[in-house]
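All remarks here apply to the structure that follows.
All of these numbers come straight from a predicted model, not from anything done at the bench. Here is how names work: the chains are called A, B, and so on, in the same order as the sequence lines, proteins then strands, and each is numbered from 1.
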Amino acid sequence: MLTNVDWLSTLAPFVVLAAMVIMLRRAGRTPLWSEAFRRLRRNPLAMISLAVISLYAAVAVLDSISWRTSKTDDFRTLLQRIAERPKERTYSAPYATVTTGEPEPHPLNEKHLLGTDGVGNDVVYLTLRGCRTALILGGLTSLIATPLALMFGMLAGYFGKWADDAVLYINQVLSSIPSILLLVALMMVLGKGVLQLCIALGVTSWVSLCRLSRGETLKHREREYVRAARALGLSHTRILIRHILPNLLPLVIISVTLGLSGLVLAEAILSYLQLGVPPEVGSWGNMINGARVELAREPVIWWGLASASGALFVLVLAFNVFGDALRDAVDPRLRTG
Amino acid sequence: MAEPLLQVENLRTYFNTPRGTVRAVDGVTFSIDPGETLAIVGESGCGKSMTALSILQLVPEPAGYIESGRILFRGKDLLDLRWDDMKTVRGREIAMIFQEPMTSLNPVFTIGRQLVETLVAHDGEATTGWQRAEELLARVKIDDPRRVLHSYPHELSGGMRQRVMIAMALMNRPALLIADEPTTALDVTVQAEILSLMAELQREFGMAVLLISHDLGIVAEMADHVGVMYAGEIVEIAPAAQLYRSPKHPYTRCLFASLPSRQQRGKDLVTLEGVVPDPANWPPGCRFAARCPDRFAPCPSTHPVLAPVDGAQCARCLLYPAAFPPGVPVQSPEKETVR
């Protein structure tokens, strides 16, 4: 199932990027967001974290552009052409000149900043490759989960009655199954792969956002401007899409940003449980998973684990800091609005 | 005489609450002629806003529902219309403005977009809409309408927002405008401006206005007819001049007595003792009996009907023999209190 869709994951970063650019451009025109952006620009921490995220995104984009020079060639990504180093025989420590873990150390082709892994791949390159997987996972999952959550949340909040009951029932059922169990079950059915993981994570992670948007819709439904809109003869669809949705977006964007870090972490955890992306896809989770045996070796092979978790840590921290800053920047207006 | 524009007959709007059924609007009947202004006056919770919302069928669901009655608009019963047809009545035929101009506009859209949207929702053209929006903003006396078109609600003052709300209601040239306490949330100085603006626009557009207010004083300048509501019922309804000259129902008299006036300078204002009875449990007789200064024997047990007492003036009070329901022996108060 879903095995011939690799082009989708090639396209994914661009879809995510385009969606973000369009949203930012639209948002920039409203006073709420242009003021929030101004406040963000004055916040150095937010700017640093945004720069970090952009750096990761840039690496991910480099890793998504690929071509081959001749018919017989393999496709090679831009990142591969820039950052890939010649292969070594096996492990080597950061900045070492000879291999480790062999009875007789062999000289290396060149020095590696973060050493090499068991099959001699440069760890820097492997870590950079993980960026794409992490961001695609976060972005694509959000793209799947957010519309789902918004749709159900708004329908439940606006129409109430049986629609509300139905959505709340689904929510309660989903949230009473341990999420890791549900993920395992879904991955068993869908098979391994980046897209499959996105779908599985999307299905399990929309619940909390759905609750949030339901509550917000309930709040806005009782506002005077919605009553005024109804009194002026607007249809339900129009009220939902044109009046309530734009009022939900600030909160949704904030909670999605804060949720991204959780999704990136979830990938690492699932890959560690060997339920994540397939091994041939570079991912930090796979690297951390590989470190299980490496840590037991003598001498300890720590650089793979360290650089993967380091990269993960920095990205998750950046998302959290940025999400917080975004919330602070938007919040004062939310209170008065 | 021409057919009335709106005829509300025996409207009952009830609410299901944990304490039982609340009869918020309990048998309200009135009519409005084209171009005429009817004011409905009453204290908070007497059901005047619910009457207005019932006409547009915007009673808060699921608790509230229209139990019975007829709402004839141009001879058609609005209660028989399907949701889709009702949608075309709202905004196009009957428009409504609300008490709170601060929250009646969507905070994330410009004024212009919200004005045009009400037109587009009724199959209007967006391009001509902007022109019309600008015209109307000028008509409601907003300086620099072009700038306001591109402003957001939070950039405007309360008075400006209420002007925008009026403009929005007029976008589709409705035949009837329902104004639910349009000036209550505004400063006193702005109140008068908004009211005279409404009166002016009403003449110009030839529309009828249903003005809901708790303030008899405000209503005096605008209304042709005034209905006084108490405890879910209309207790007195009359041409404005007649009502102000000689109020017939004791409640109306109390309302007038509690208005500050020049004759009473230096004296304390009259206050009405007691509270409105529990709407989930109306008393069996006259609902005003417990607070009424002119109460006599049959009042607590006999529910009066709304009956003509002086020409077009109708009152629901047992001081007038006509108000005794059929089959109940007419009694007169021992002390002569009819003034």
Side-chain angles (χ1 to χ4, degrees), chain A residues 23 26-36 154 156-165 216-254 330-337, chain B residues 49 52-53 55-63 83-110 113-115 117-123 150-155 161 164-165 168-172 174 177-180 185:
Chain A
M23 256 160 57
R26 287 200 64 125
R29 274 188 252 137
T30 69
L32 174 77
W33 286 104
S34 57
E35 225 180 288
M154 280 169 56
Y158 187 76
F159 290 108
K161 295 182 198 162
W162 63 268
D164 198 20
D165 291 344
E216 282 294 304
T217 309
L218 269 176
K219 188 177 92 188
H220 284 285
R221 186 184 69 168
E222 300 304 325
R223 289 276 171 90
E224 292 265 334
Y225 66 81
V226 172
R227 277 215 305 185
R230 287 191 63 192
L232 290 169
L234 268 63
S235 62
H236 283 318
T237 347
R238 236 185 148 78
I239 290 173
L240 271 175
I241 292 173
R242 307 251 319 167
H243 285 268
I244 293 183
L245 183 61
N247 279 295
L248 295 190
L249 278 187
L251 271 178
V252 167
I253 290 172
I254 291 163
V330 173
D331 246 4
R333 284 298 317 283
L334 283 186
R335 273 186 227 119
T336 57
Chain B
S49 288
L53 288 177
I55 293 170
L56 287 177
Q57 292 172 44
L58 291 175
V59 178
E61 287 176 333
W83 161 258
D84 276 356
D85 299 325
M86 195 57 218
K87 217 168 60 192
T88 60
V89 172
R90 289 188 195 124
R92 175 177 285 179
E93 306 267 22
I94 307 178
M96 183 160 179
I97 53 180
F98 291 90
Q99 180 174 351
E100 280 290 334
M102 303 315 252
T103 53
S104 291
L105 291 163
N106 191 333
V108 302
F109 287 127
T110 58
R113 278 184 67 182
Q114 299 192 45
L115 283 170
E117 185 175 38
T118 60
L119 203 66
V120 175
H122 293 289
D123 313 318
H150 298 286
S151 310
Y152 286 86
H154 69 91
E155 299 171 69
R161 286 190 216 186
V164 168
M165 285 308 296
M168 198 187 274
L170 297 182
M171 279 300 273
N172 288 300
L177 177 68
I178 301 177
D180 187 2

Exercise. Contact part of B:Met168 toward chain A, heavy-atom cut-off under 4.5 Å: side chain, backbone, both or neither?
Worked result: both

For this session: Sort B:Leu56 into side chain, backbone, both or neither according to what part of it lies under 4.5 angstrom from a heavy atom of chain A.
Result: side chain

Seminar exercise, completed: Sequence neighbours excluded, the answer for salt bridge (Lys or Arg N to Asp or Glu O under 4.0 Å) partners of A:Arg221 is none

Seminar exercise, completed: By salt bridge (Lys or Arg N to Asp or Glu O under 4.0 Å), A:Arg227 pairs with (sequence neighbours left out) A:Glu224

Seminar exercise, completed: When every non-hydrogen atom of B:His154 is compared with those of B:Arg161, the smallest separation belongs to CA-NH2, 3.7 Å

For this session: Under 4.5 Å, counting heavy-atom pairs only, tell me which of B:Val120, B:Asn106, B:Ile94 racks up the most with chain A.
Result: B:Asn106

For this session: Describe, in one word, how the ring planes of A:Tyr225 and A:His220 are oriented to each other, choosing from parallel (under 30°), tilted (30 to 60°) and perpendicular (over 60°).
Result: tilted

